[in-house]
Amino acid sequence: MKIKKECNIVEDLLPAYIDCLLSEESLDFVKTHLETCENCQKTHQKMTSDLQKEDIENTENIKIIKKYTRKIKILKTLVAITILAILGVFLSHTGYRYYIVKNALTKNINYNVSGNYRLEEYDESIERYEYHTTTYWVDNKMKKVKGNEVLEYWEDNKHYFMNNDNKTYFIKNENIHEHSTINIPILILSEMKNLVDDKGIRPISILQFIFDSDITIQEEGFRGNTKYYVIKDMQKGIKIYFNQDTFFAERIVESTNKTTEYRILPSSSSWHDVLKPDLSTYTLIEKEM
């Protein structure tokens with residue numbers, strides 16, 4: 001009975017014995033008992049073996065957990081990089097299109113001019129040199145001609161409009177300083193009209209414009225090595241070509257396939273280009289007929 005009682009006590013103490021958690025007296029007691037008791041020795045060996053297996057299993061589980069933790073971290077990193085890359089491409093593409101539209105508006109709507117320049121407007125193509133309209137601007141004087149006919153003349157606050165069919169002209173009192181700008185009719189693309197108001201260019205409207213599914217913005221060429229940004233309304237078939245260096249609208253193709261080309265030549269006019277036209281053969285009228 002005494003031995004059986006000791007065995008029960010030792011079995012209870014074995015877990016603490018294996019983990020070295022016993023007091024010195026209890027430790028000596030268990031050691032002494034194990035030296036003479038085969039049953040407790042077997043129990044001790046089994047418990048030790050089970051604990052070792054458990055430790056091995058725990059180690060393997062920890063390795064597996066660490067492995068999957070690393071994979072999850074790598075996956076998270078790849079997802080973050082992918083999202084940032086997509087966001088970067090989106091922002092870059094949006095910024096690129098915004099840059100094109102904003103400069104296209106700035107350089108063609110109320111674009112300030114100074115000194116002198118010559119603006120040429122061609123029907124169909126610039127190669128048809130004999131059939132075009134030219135506007136000369138020199139020292140606060142302007143003259144617009146087509147072939148040998150004067151269409152408009154402007155000096156100080158007098159703006160002359162000529163009708164060469166019936167040989168009449170009328171005058172508007174307008175200050176030339178308030179109109180010293182170039183306006184190429186790029187707003188023929190109706191969606192672009194919403195991008196400009198009395199206060200100027202509207203950035204939010206530009207963003208809405210470039211996300212319009214009917215609007216495409218691409219690079220293209222049509223003459224020599226000159227590169228162009230092309231804004232096109234896919235639904236209406238209107239295309240506007242902007243020189244990549246100057247952003248000047250050099251070509252407009254309308255939905256009717258009518259093509260107009262423009263060329264601006266700074267510092268290319270002189271005083272004789274803006275001489276006042278001979279009005280002796282014209283009749284002054286009060287307003288446009």
Using a 4.5 Å cut-off on heavy atoms from C-beta on, say whether the side chain of Trp271 contacts that of Asp139. no
When every non-hydrogen atom of Phe247 is compared with those of Ala104, the smallest separation belongs to CD2-N, 4.0 Å
Looking at Glu121, is its backbone amide N or carbonyl O close enough to the side chain of Thr133 to form a donor-acceptor pair, meaning the two atoms are under 3.5 Å apart? no
Quick one: does Arg251's side chain have a donor or acceptor within less than 3.5 Å of a partner on Glu261's backbone? no
Between Lys239 and Val230, is there a donor-acceptor pair closer than 3.5 Å when you use the side chain of the first and the backbone of the second? no
So, for Ile238 and Ile188, which heavy atoms are closest and what is the spacing to 0.1 Å? CD1-O, 3.7 Å
Are more than 12 heavy atoms, taken from residues, nucleotides or ligands other than Lys146, located less than 6.0 Å from that residue's NZ atom? yes
Does the side chain of Ser190 pick up a donor-acceptor pair with the side chain of Lys236 at under 3.5 Å? yes
Check whether Asp273 reaches the backbone of Ser270 with its side chain - one donor and one acceptor, N or O, closer than 3.5 Å. yes
Answer yes if Leu275 and Ile171 sit in the same cluster of Ile, Leu, Val, Met, Phe, Trp and Tyr residues linked by side chain heavy atoms under 4.5 Å apart, and no otherwise. no
Test item: side-chain donor near acceptor, Tyr160 and Glu152, under 3.5 Å: no
What is the minimum heavy-atom distance between Thr246 and Lys107, and which atoms define it? O-CG, 3.5 Å
Within 6.0 Å of CG in Leu87, more than 12 heavy atoms from elsewhere: yes
What one should report as the nearest heavy-atom pair of Asp233 and Ile215 is CA-CD1, 4.1 Å
Interatomic distance, Lys71 atom NZ to Lys73 atom NZ [nearest 0.5 angstrom]: 15.0 Å
Mind listing the closest non-hydrogen atom pair of Thr281 and Lys167 along with its distance? O-CB, 3.7 Å
Please determine, by modelled atom types, if Glu174 and His159 share a side-chain donor-acceptor pair under 3.5 angstrom. yes
I'd like to know whether CD of Glu24 has more than 12 heavy-atom contacts from other residues, nucleotides or ligands below 6.0 angstrom. no
To the nearest 0.5 Å, what is the distance between OH (Tyr282) and CG (Asn166)? 9.5 Å
Can you measure from CD1 (Ile252) to OG1 (Thr260) and round to the nearest 0.5 angstrom? 6.5 Å
Any donor-acceptor pair under 3.5 Å linking the side chain of Arg118 with the backbone of Ser268? yes
If you compare all heavy atoms of Arg202 against all heavy atoms of Asn194, which two are closest, and at what distance to 0.1 Å? NH1-O, 3.1 Å
Side chain of Asp156, backbone of Lys158: donor and acceptor closer than 3.5 Å? no
Would you check, one step at a time, whether the test side-chain hydrogen bond (donor to acceptor under 3.5 Å, both in side chains) holds for Glu250 with Tyr228? CA-CA 9 Å; Glu250 293 190 6; Tyr228 295 89; 2.6 Å; yes
Say you draw a straight line from CD1 of Ile184 to CD1 of Ile240; how long is it, rounded to the nearest 0.5 Å? 10.5 Å
Report whether Met234 and Met192 are members of the same hydrophobic cluster (ILVMFWY, side-chain heavy atoms less than 4.5 Å apart, transitive linking). no
Within a 6.0 Å radius of atom CD on Gln244, are there more than 12 heavy atoms belonging to other residues, nucleotides or ligands? yes
Between Tyr153 and Val138, is there a shared hydrophobic cluster once you connect ILVMFWY residues whose side-chain heavy atoms come closer than 4.5 Å? yes
Kindly work out whether a path of hydrophobic side-chain contacts (I/L/V/M/F/W/Y, heavy atoms less than 4.5 Å apart) joins Met142 to Leu151. no
Take a 6.0 Å sphere around CG of Asp214 and say whether it holds more than 12 heavy atoms from other residues, nucleotides or ligands. yes
Do Phe209 and Leu91 belong together in a cluster built from hydrophobic side chains that touch within less than 4.5 Å? yes
Pair Glu220, Tyr241: side-chain N/O donor-acceptor within cut-off below 3.5 Å: yes
Tyr229 and Asn243: side chain donor to acceptor below 3.5 Å: no
